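Contents: one structure, followed by commentary.
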Amino acid sequence: MKNGGLVAIPTETVYGLAGNALDERVVSRIFSAKKRPQFDPLIVHCSSIGQISHYATLENPQARLLAEKFWPGPMTLVLPKKDVVPYLVTSGMDTVAMRIPAHEMTLHLLRQLDFPLVAPSANPFGYVSPTTPDHVNDNLGDVVDYILDGGPCQLGIESTIILFDNKIPTVLRSGSLSVEKIQTIIGEINVVTHSSSNPSAPGMLKSHYAPGKKLVLGNIELLLGMPDYDRVGVLSFREKFEHPKIVSQIILSENGDLEEAATNLFSGLRSLDKMDINFILAETVPNHGLGRAINDRLKRGASDK
Ligand code: TXA
Ligand code: MG
């Protein structure tokens, strides 16, 4: 990394494709490796709040409260940026997304570097995020210099992104830290849903997290009854379905546990995507806690490219 290499790193959410955040050549290699448009800004990862304050201003009292409560953890704060952060990282904006990941191996790495790491999820732009080293190797094996093997990701869905711009804080991306938990610390908060062209959230494109196979979201029982769908993979929340059309089936959590469902979502989508099927039929989950983040990923994965 000191020589400008790209290394896939484990975090508690998903694997990231990491490199020196302060070196524009490295940052630009990351955009190309992911085939990511440069209007979609990156998250800067640090090991401590002290380090964060070199790159962003953490003055907003509510942002501070959240930082002290939830970092290291699955939360990204969008804060006013300092000059050392290249505009390439922020897509020309004066704000920068910052996060301290809760993964011992990656924290240990960050502490040994004298620069922070940009780390977008280690998947090609628009595809499902990786939650194991194998997922990274499948998609980006040729373009990363190393994959740091920290095992499967504990949470499995990306961090929750919160914007502070002097008004009421806004959740730009639902993620592994639930809105309810944030509210217990700072009270009222806005939640942005599903915007495809919101300039304050350039990465919130509608068709994101999309598997290669067509993902159809709805009532699985009804979808199975429709002639349009044959040779299907089913991704259900807790129920097992029986139907001759079903080639393969993944149940996210038999106990109906939303955290378990979140952990299994991306690996479930990826394994169905590899099957010899024509469609993936899936259903939304209860829309509270981590269910909000799961539904967001499912809806975006199912929207037409
Ligand atoms: O859990 C995570 O956040 C993972 C792990 C690796 O840390 N990272 C991740 O990065 O999901 P990425 O690049 O896939 O998603 C980052 C999102 C982008 O969609 C982008 O739009 C948003 O963060 N973002 C970054 N900087 C921003 C800014 N200044 N203002 C608004 N949104 C920003
Ligand atoms: Mg991503």
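Keep in mind that this is a model prediction, so the values were computed, not measured. Both ligands and their constituent atoms are indexed starting at 1 by order of listing.
The distance from the CG atom of L77 to the CD1 atom of I43 is 10.5 Å, given to the nearest 0.5 Å. Atom CD1 in I189 sits 9.0 Å away from atom OG1 in T160 (nearest 0.5 Å). With rounding to the nearest 0.5 Å, the separation of CG in L235 from CG in L298 is 6.5 Å.
Where the criterion is an N or O separation shorter than 3.5 Å, residue side chain and backbone included, R99 meets it with respect to ligand 1. Ligand 1 has no N or O atom lying under 3.5 Å from any N or O atom of T11, backbone or side chain. Where the criterion is an N or O separation shorter than 3.5 Å, residue side chain and backbone included, D40 meets it with respect to ligand 1.
Between D138 and K274, at least one side-chain nitrogen of the basic residue sits less than 4.0 Å from a carboxylate oxygen of the acidic one, meeting the salt-bridge criterion. With respect to the salt-bridge test (charged N to carboxylate O, under 4.0 angstrom), the residues D228 and K214 do not qualify.
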Checklist entry - How far apart are the C-alpha atoms of L6 and L140, what are their side-chain angles, what is the distance that settles it, and do they pass the side-chain contact (heavy atoms from CB on, under 4.5 Å) test? => result CA-CA 11 Å; L6 304 189; L140 297 178; over 6 Å; no

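Residue contact check: L172 has heavy atoms under 4.0 Å from atoms 31 (C), 32 (N) of ligand 1. Within ligand 1, the atoms closer than 4.0 Å to a non-hydrogen atom of G16 are 6 (C), numbered from 1 in the order shown. For ligand 1, the atoms closer than 4.0 angstrom to any heavy atom of R173 are 2 (C), 3 (O), 9 (C), 11 (O), 15 (O), 16 (C), 17 (C). Using a 4.0 Å cut-off to heavy atoms of I161, the atoms of ligand 1 that qualify are 17 (C), 22 (C), 23 (O). In summary, the atoms of ligand 1 found under 4.0 Å from a heavy atom of S159, numbered by their order in the structure, are 1 (O), 2 (C), 3 (O). Which parts of ligand 1 touch A97 is read off a 4.0 Å heavy-atom cut-off, strictly below it: atoms 25 (C), 26 (N), 27 (C). The A119 neighbourhood of ligand 1 comprises atoms 6 (C), 8 (N), 10 (O), with distances under 4.0 Å to a heavy atom of that residue. Near P120, meaning under 4.0 Å from any of its heavy atoms, are these atoms of ligand 1: 10 (O), 12 (P), 13 (O).
Backbone or side-chain N, O or S atoms of S121 reach the Mg ion (ligand 2) at under 2.8 Å.
Selection from H103, R36, M93, H45 by nearest heavy atom to atom 28 (C) of ligand 1 gives M93. Nearest-residue assignment for atom 16 (C) of ligand 1 (options V96, V78, T95, I43; heavy-atom criterion): I43. Here the shortest heavy-atom distance to atom 12 (P) of ligand 1, taken over A56, S121, G175, belongs to S121.
Under the 3.5 Å distance criterion, with hydrogens and angles disregarded, a donor-acceptor pair is assigned to the side chains of R173 and S159.
Among the candidates K299, R300, R292, the single residue satisfying the side chain to side chain donor-acceptor pair (under 3.5 Å) test with D296 is R300. The side chain to side chain donor-acceptor pair (under 3.5 Å) test with T11 is passed by exactly one of R99, H45, E158: R99.
The two residues I162 and I182 have their closest heavy-atom pair at CD1-CD1, 3.6 Å.
By the 6.0 Å and 45° rule, K81 stacks over the aromatic ring of Y87.
With a 4.0 Å cut-off on non-hydrogen atoms, I9 does not touch ligand 1 at all. When heavy-atom distances to ligand 1 are checked against a 4.0 Å cut-off, L163 has no atom that comes that close, whether in backbone or side chain.
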